[in-house]
Amino acid sequence: MSYGYIGSMKTKPGRRDDVVAILLSSVDGLRQVGCDLYVVSVADTDDVTIWVSEVWQSKEMHDASLRLPETKAAIAQAMPMLTGEFTSQGVVVLGGLGI
């Protein structure tokens with residue numbers, strides 16, 4: 001079974017688009033490291049919340065992706081623009097459309 005990750009983060013005012021751009025800048029290499037689905041969304045009820053939904057071939061592949069130099073660099077670039085408010089949930093993906 002696949003591993004899923006659903007998370008949210010809040011940005012400082014005026015920084016949401018900058019963080020979204022960082023999150024989307026590194027999508028090209030994700031499939032090669034085991035990512036089957038990576039979706040970045042924004043809340044329509046405020047201008048600071050970002051949602052990220054991911055499906056990975058395994059939790060180990062997800063965890064390994066967080067150790068990649070480009071992932072670490074993106075996180076370091078985005079962190080000053082975030083408030084520190086995060087939610088996250090790992091899930092077992094049972095099926096669906098697009099995966």
Side-chain angles (χ1 to χ4, degrees):
M1 293 196 199
S2 298
Y3 171 75
Y5 173 86
I6 303 165
S8 72
M9 62 193 81
K10 292 200 182 282
T11 66
K12 294 177 180 175
R15 302 314 301 258
R16 184 176 74 177
D17 291 345
D18 298 326
V19 175
V20 166
I22 292 166
L23 292 171
L24 293 175
S25 70
S26 60
V27 297
D28 291 337
L30 289 178
R31 190 164 303 281
Q32 291 89 343
V33 295
C35 185
D36 293 326
L37 183 71
Y38 183 82
V39 178
V40 176
S41 307
V42 295
D44 60 359
T45 56
D46 66 58
D47 61 355
V48 296
T49 305
I50 301 170
W51 290 91
V52 179
S53 303
E54 306 173 30
V55 176
W56 291 83
Q57 293 171 15
S58 71
K59 183 175 185 328
E60 293 76 21
M61 288 180 162
H62 172 263
D63 293 348
S65 76
L66 298 174
R67 295 188 293 273
L68 295 171
E70 55 269 31
T71 304
K72 287 182 175 184
I75 291 169
Q77 186 181 4
M79 285 303 285
M81 295 181 249
L82 301 173
T83 64
E85 297 173 76
F86 301 94
T87 66
S88 64
Q89 180 66 53
V91 297
V92 176
V93 177
L94 301 177
L97 181 64
I99 51 174

Euclidean distance, M79 CE relative to I75 CD1, rounded to 0.5 Å:
8.0 Å
hydrophobic_cluster_shared for V19 and Y38, side chain cutoff 4.5 Å
yes
Would you call D28 and E70 a side-chain contact if the rule is heavy atoms closer than 4.5 Å?
no
In the single-linkage hydrophobic clustering (I, L, V, M, F, W, Y; side-chain heavy atoms under 4.5 Å), do L37 and L23 co-cluster?
no
Could you pull out all residues at least two apart from Q77 that satisfy side chain to side chain donor-acceptor pair (under 3.5 Å)?
none
Which pairs count as ring pair (Phe, Tyr, Trp, His ring centres under 6.0 Å) when at least one residue sits in residues 59-99, sequence neighbours excluded?
Y3-H62, Y5-H62, W56-H62
Hey, quick one: are M9 and V39 part of the same hydrophobic cluster, counting side-chain heavy atoms closer than 4.5 Å, chains of contacts allowed?
no
Which atom pair, heavy atoms only, marks the closest approach of V52 to E54?
CG1-OE2, 3.4 Å
Is there a donor-acceptor pair under 3.5 Å between the side chain of T71 and the backbone N or O of S65?
yes
So which pairs with a foot in residues 84-99 pass side chain to side chain donor-acceptor pair (under 3.5 Å), sequence neighbours left out?
S8-T87, T83-E85
Please answer: with hydrophobic residues joined when any side-chain heavy atoms are less than 4.5 Å apart, are V42 and V27 in the same cluster?
yes
Which residues pass the salt bridge (Lys or Arg N to Asp or Glu O under 4.0 Å) test with D17, not counting sequence neighbours?
none
What about V55 and L30, same hydrophobic cluster or not, with Ile/Leu/Val/Met/Phe/Trp/Tyr joined at side-chain heavy-atom distances under 4.5 Å?
no
Minimum side-chain heavy-atom gap L82-K10 below 4.5 Å
no
Side chain to side chain donor-acceptor pair (under 3.5 Å) with D47: which residues, sequence neighbours excluded?
none
Would you call T11 and R16 a side-chain contact if the rule is heavy atoms closer than 4.5 Å?
yes
Of all heavy-atom pairs linking D18 and M81, the shortest is CB-SD, 3.6 Å
Given side chains that start at C-beta, do those of M61 and V33 come closer than 4.5 Å, heavy atoms only?
no
As a quick check of understanding, evaluate side chain to side chain contact (heavy atoms under 4.5 Å, CB included) for L94 and M1, giving each step before the final call.
CA-CA 7 Å; L94 301 177; M1 293 196 199; 3.6 Å; yes
Non-neighbouring partners of K12 that pass salt bridge (Lys or Arg N to Asp or Glu O under 4.0 Å), sequence neighbours left out
none
